Amino acid sequence: MKNIKLISFFFLSLLLGYTACVDQDFDEPPVTGLPEEVKPVANATIADILALHSIGSPATEITSDAIIEGVVIGNDVSGNIYKQLFIQDATGGIQIRLDVNELYNDYPLGRQVWIKCQGLFIGDYNGTPQMGINANADRVPESLVSTYVVTGERDQTIPLTTKTINDLGFNDINTLIQLENVQFLSSEVGDTYADAVNQSTQNRELEDCNGNNIILRSSGFSDFAGATIPDGGGTLTAIYAVFGNTKQLTIRQLSDVALDGARCGTGGGGGEIPTPNASLADVLAIHTIGDAASQITSDLIVEAVVAADDESGNFYKNIIVQDGTGGLQIRMNDTGLNATYPIGRKVYIKTMGLYIGDYNGTPQLSLNADGDGIEPSNISSYVVAGDLGQTVTSTIKTIDALTTADLNTLIELSNVQFADSEQGAIYAESDVSGTNRTLEDCDGNSIIVRTSRFADFAEETLAAGNGSLKAIYTIYQGTNQLVLRNTVDVNLTGTRCDGGSGGGGGGGGSDMVNEDFSGLGNNDNIMLDGWVNFQEEGDRVWIAKEFSGNVYAQMSSYNADAASNKAWLITPGIDLSEASSISFETAQAFYAHDGLTVWISTDFDGSDVLGATWNTLPCTIAGSSDPNHEWIPSGTIDLSGFSGTAYVAFKYEGTAAANTTSYRVDNVVVE
């Protein structure tokens, strides 16, 4: 059993780290800077240091005795930046990674600093340059910080450049910029900057009056995480960065946001929300598969929901949208589309002037007759972003019943499995652009699952069992194929048609479960051999969370996009001839309701959760009288009254409006 004390410590991926810090008042010494005779002499600029490194290449050690001078433009004063300083000179900006908390005390905004670069490394994190102590750009140890960073006078002029979203380029990265005439999307207004309860980072979206968009990224540990997104327009000051091809901003403190003026429109991502007057079926009817693409000359406006985006990398420069009449692929000449058009977002498609055609059988909407993508500067003019958190409906089908009406829609197949010949293979090989794997049902029907080598799950091993799978249905030159959005849509843990165990789910079950979730990373979806992570309702599944070295499973409805969430986390099958009890620990945080129940089934087939018979298990679960984060033992739960193969389910139910308690499960042991 892992006894832990939860502390506020979180490590952010992407390009910036964040943490909380405690505001304290200190007496300021009368520091005016170093005596002239001991000040370092700058002999290089930030641009000189940046020129040593090529974006995407391994980090480069700085071997020359280069010294740069700049002004601190970003620190951890609000907790929105973690163990980093941003400094800027007349030639550019750079972030320096330092293993020190409360940097703002010694390095306040506007303080002059010199960086002795020799021995440091210059690299980049997904496109944003950074300096660190080694080739991994690790943080400079606290004991060495003064060796590399020398402080000078305070209250120096902080450089600030007024820009537009479209004008932001490489030379602006890691510098302080100001945007005028911007506002948050109407769909973001009223939300908070980040998830202060679960202390997780959130992306919020800004737009200008021309419909150009950019991400504002804020840490759940920032002191303004729970502040409400303003509904006005105005100016915003922030540090600019990129993550791949996605532009994003980080504010230093809430005073950087001055959005209290009039808004320039009522829409999201393209101004005013248009009025729909057509369906996707109407648009699809303009084109005959196999013919040349046709330009849409009438003012058809369609309301749809994003069914698939490019977050996992398995879709490239396109999104899939669907309504009740069909689905369509929209080609866009940009990446990072999920930032603006995530799964579940309502969109309004202004089709006039675009072309409807097909790519070897699969319909697509594009910029021209050649199928080129809409240029980034015009995307929001054609595809207007609406409300988030819409339900993406999947149609239950069988392999042999798929038709052209299902193209570009989310379909769900039951009682399927990867072919015997695919067992042990990964989703996609690295030496080809895409890999086909054969999926089959128990009646001998089969279909291709095609995966890009750029998908973030490409190197994962194919699920071994039988069960259900959701995917987007497409056709390529007469061949039916499926494209996965992510592996959360793959629930193949039950007994195979040939009687195989499927990696722990179904069949005779296992005689022991001893799961502490330690093999998972922070914020990973729970994907473990034999376990089922089932989303019954809403937009969330069980995820792994980590505090103070302890990893556990968590589910919460706090700040969810969907109004209601129901999610099941189900153990592998338990052979009750070998095991007679189960125990676990639960904890709750920010109690608002009793949202966790525990169930058992002896007729669950490993895939059809709602078709099984479930009975509640009597046990102790953390509740309103228990302190936040304190682990509560369930007690030893007797399973001797059941026989055969049993599955135990942790079921969470909550709402975004009120029933928002975070529930945690750990140390699940079957004996």
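Just so we're clear, the structure is a prediction, and the values are computed from it rather than from any experiment. The analysis underlying the following values was restricted to heavy atoms, covering all of them including side chains, and did not include hydrogens, waters or symmetry mates.
Applying the 6.0 Å contact sphere to CD of Glu459 captures no more than 12 heavy atoms from other residues, nucleotides or ligands.
The shortest side-chain heavy-atom distance between Asp516 and Asp666 falls under the 4.5 Å cut-off. Side-chain contact between Phe534 and Val541: absent, with no pair of heavy atoms (C-beta onward) separated by less than 4.5 Å. Side-chain contact between Thr597 and Thr616 is absent, with no heavy-atom pair separated by less than 4.5 Å. Between Thr395 and Leu410 the shortest side-chain heavy-atom distance does not fall below 4.5 Å. The side-chain heavy atoms of Ser662 and Gln554, taken from C-beta on, include a pair separated by under 4.5 Å. Side-chain contact between Val648 and Leu617 is present, with heavy atoms from C-beta onward closer than 4.5 Å. Between Arg345 and Asp309, every side-chain heavy-atom pair lies at or beyond the 4.5 Å cut-off. You'll find the side chain of Thr201 reaches within 4.5 Å of the side chain of Arg217, heavy atoms only.
Under a 3.5 Å cut-off, the side chain of Thr403 and the backbone N or O of Ala405 do form a donor-acceptor pair. Of the possible polar contacts, one joining the Asn318 side chain to the Tyr316 backbone as a donor-acceptor pair under 3.5 Å is found. Remark: the backbone N or O of Glu585 is not paired with any side-chain donor or acceptor of Arg664 at under 3.5 angstrom. Side-chain atoms of Asn198 never come within 3.5 Å of backbone atoms of Asp195 as a donor-acceptor pair (strictly under, hydrogens ignored). Put simply, the side chain of Ser312 gets close to the backbone of Arg485: a donor and an acceptor are under 3.5 Å apart. Looking only at distances, a side-chain donor or acceptor of Arg496 sits under 3.5 Å from a matching main-chain atom of Phe418. Checking side-chain atoms of Asp310 against main-chain N and O of Asn338 turns up a donor-acceptor pair under 3.5 Å. In this structure, the side chain of Thr586 engages the main chain of Ala622 through a donor-acceptor pair within 3.5 Å. Side-chain N or O atoms of Ser634 include one that pairs as donor or acceptor with a backbone N or O of Phe584 at under 3.5 Å. Proximity of a side-chain donor or acceptor of Thr435 to a complementary backbone N or O of Glu429 within less than 3.5 Å is detected.
Ile582 approaches Val668 most closely through the heavy-atom pair CD1-CG1, 4.0 Å. Nearest heavy-atom pair, Asn466 versus Ser607, reported as atom, atom and distance to 0.1 Å: O-CB, 4.4 Å. Ala455 and Asn314 make their closest contact through CB-OD1, 3.8 Å (heavy atoms, listed as atom of the first residue, atom of the second, distance). Nearest heavy-atom pair, Ala544 versus Ile526, reported as atom, atom and distance to 0.1 Å: N-CD1, 3.6 Å. Of all heavy-atom pairs between Met527 and Val490, the closest is CE-O, 4.3 Å. Here the closest non-hydrogen pair linking Ala562 and Gly538 is CB-CA, 3.6 Å.
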### Task
Any chance you could lay out the side chain to side chain donor-acceptor pair (under 3.5 Å) test for Thr613 and Asp603, step after step, and finish with the verdict?
CA-CA 6 Å; Thr613 303; Asp603 64 1; 2.9 Å; yes
### Query
Given Tyr193 and Leu254, is the side chain to side chain contact (heavy atoms under 4.5 Å, CB included) satisfied, shown in steps?
CA-CA 10 Å; Tyr193 282 86; Leu254 201 55; 3.6 Å; yes
### Query
What do the steps show when you test Ile447 against Leu482 for side chain to side chain contact (heavy atoms under 4.5 Å, CB included), and what is the final call?
CA-CA 7 Å; Ile447 190 171; Leu482 303 175; 3.7 Å; yes
### Query
Is there a side chain to side chain donor-acceptor pair (under 3.5 Å) between Tyr473 and Asn480 once you walk through the steps?
CA-CA 8 Å; Tyr473 172 56; Asn480 292 351; 2.9 Å; yes
### Query
Taking it one step at a time, do Glu537 and Glu653 satisfy side chain to side chain contact (heavy atoms under 4.5 Å, CB included)?
CA-CA 9 Å; Glu537 186 175 306; Glu653 298 181 78; over 6 Å; no
### Query
Where do Ile448 and Thr438 land on the side chain to side chain contact (heavy atoms under 4.5 Å, CB included) test, with the steps shown first?
CA-CA 5 Å; Ile448 294 299; Thr438 301; 4.2 Å; yes
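Note: Met555 CE to Lys651 NZ = 12.0 Å, rounded to the nearest 0.5 Å. If you take CD1 on Ile472 and CZ on Phe315, they are separated by 5.0 Å, rounding to the nearest 0.5 Å. The line from OG1 of Thr487 to CG of Asn525 is 7.5 Å long, rounded to the nearest 0.5 Å. Here the OH-OG distance, from Tyr558 to Ser556, works out to 9.0 Å after rounding to the nearest 0.5 Å. For the atom pair Asn667 CG and Asn550 CG, the distance stands at 7.0 Å (nearest 0.5 Å). Note that CG of Leu528 and OG1 of Thr571 are 11.5 Å apart. Values are rounded to the nearest 0.5 Å.
Of the residues Trp614, Phe650, Phe604, the one that meets the ring-ring contact (aromatic ring centres under 6.0 Å, His included) test with Trp568 is Trp614.
For Glu303 and Lys346, the salt-bridge test passes: some basic side-chain N is under 4.0 Å from an acidic carboxylate O. A salt bridge is absent between Asp76 and Lys83: the closest approach of a Lys/Arg side-chain nitrogen to an acidic carboxylate oxygen does not fall below 4.0 angstrom.
A donor-acceptor pair shorter than 3.5 Å can be found between the side chains of Arg450 and Asn436. The closest side-chain donor-acceptor pair between Asp638 and Ser581, if any, does not fall under 3.5 angstrom. For the residue pair Thr409 / Gln322, no side-chain donor-acceptor distance below 3.5 Å is found, with atom types taken as modelled. One side chain, Glu205 or Thr340, offers a donor N or O that lies under 3.5 Å from an acceptor on the other.
Outside the 6.0 Å centre-distance limit, the rings of Phe221 and Tyr82 are not counted as a close aromatic pair. Between Tyr647 and Trp599, the ring center distance fails the sub-6.0 Å criterion. Remark: aromatic rings of Trp531 and Phe517 are close, center separation under 6.0 Å.
Ring geometry, Trp542 versus Tyr652: the interplanar angle exceeds 60°, so the pair is classed perpendicular (tilted spans 30 to 60°). In this structure, Phe590 and His629 have perpendicular ring planes: the angle between them is above 60°, well past the 30° mark. The aromatic rings of His593 and Tyr663 sit perpendicular to each other, their planes meeting at more than 60°, with 30° as the lower class boundary.
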